[in-house]
Visitor: 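Quick one: the structure is below, and I'll ask about it shortly.
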Amino acid sequence: DEAKAKENKSGGGCCSSSKSHVLEQPQKATTEVIIITGPPAGGKGTQCEVVKELLGVVHLSTGDMLRQHIKDGTKLGKQAKAAMDRGELAADRVVIEMVLARLEEPDAKERGCLLDGFPR
């Protein structure tokens, strides 16, 4: 078919441009993130303090974030508190939103961070 041949010569049918498509390399993350995992009362907090001092990173504890959001009465804090009052864990979505917001703050972006209690 003449129309298809013309289309193939001009760069394909996915767009009107005759430029070839080049995949760009994904942008490399510039924030260093360290994750500490372990069972409750397994010494994560103690190890985090050591790592924080050695590397100068920001210690981000999901428990501390939850308590602060609840204390401040934020939307996420209210959602977390409602779940906790029912004897449940805060929803993953709530914790993830808190962590993502905190990772965008300047100190975490500049110094890197240590995630304590995430993922659970």
Visitor: Taking V50 as the starting point, is it possible to reach V58 by hopping between hydrophobic residues whose side chains are less than 4.5 Å apart?
Guide: no

Visitor: Starting at CG of L60, measure out to CG of L114 and round the result to the nearest 0.5 Å.
Guide: 7.5 Å

Visitor: Can you get from M65 to I96 by hopping between Ile, Leu, Val, Met, Phe, Trp and Tyr side chains that sit under 4.5 Å apart?
Guide: yes

Visitor: NZ/K78 to CG/D72 distance, rounded to the nearest 0.5 angstrom?
Guide: 11.0 Å

Visitor: To the nearest 0.5 angstrom, please state how far the CD1 atom of I36 sits from the OG1 atom of T46.
Guide: 11.0 Å

Visitor: Could you point out which residue of E110, E104, K109 forms a side chain to side chain contact (heavy atoms under 4.5 Å, CB included) with P106?
Guide: E110

Visitor: In Å, rounded to the nearest 0.5 Å, how long is the span from CD1 of I34 to SG of C113?
Guide: 8.0 Å

Visitor: Identify the two heavy atoms, one from A90 and one from A80, that lie closest to each other, and give their separation to 0.1 Å.
Guide: CB-CB, 3.9 Å

Visitor: Indicate yes or no: at least one non-hydrogen side-chain atom of M98 is less than 4.5 angstrom from one of T62.
Guide: no

Visitor: What distance do D116 atom CG and Q47 atom CD have between them, rounded to the nearest 0.5 Å?
Guide: 11.0 Å

Visitor: Tell me whether K44 contacts the main-chain N or O of G38 through its side chain, where contact means a donor paired with an acceptor under 3.5 Å.
Guide: yes

Visitor: Could you tell me whether the side chain of L115 reaches within less than 4.5 Å of the side chain of V33, counting heavy atoms only?
Guide: yes

Visitor: When hydrophobic residues are tied together by side-chain contacts of less than 4.5 Å, even through go-betweens, does V57 share a cluster with L103?
Guide: no

Visitor: Salt bridge (Lys or Arg N to Asp or Glu O under 4.0 Å) with E88: which residues, sequence neighbours excluded?
Guide: R86

Visitor: Quick one: does M84's side chain get under 4.5 Å of I70's, heavy atoms only?
Guide: yes

Visitor: Thinking salt bridges, do D107 and R102 make one under a 4.0 Å N-O criterion?
Guide: yes

Visitor: For the NZ atom of K75 and the NE2 atom of H69, what is their distance to the nearest 0.5 Å?
Guide: 12.0 Å

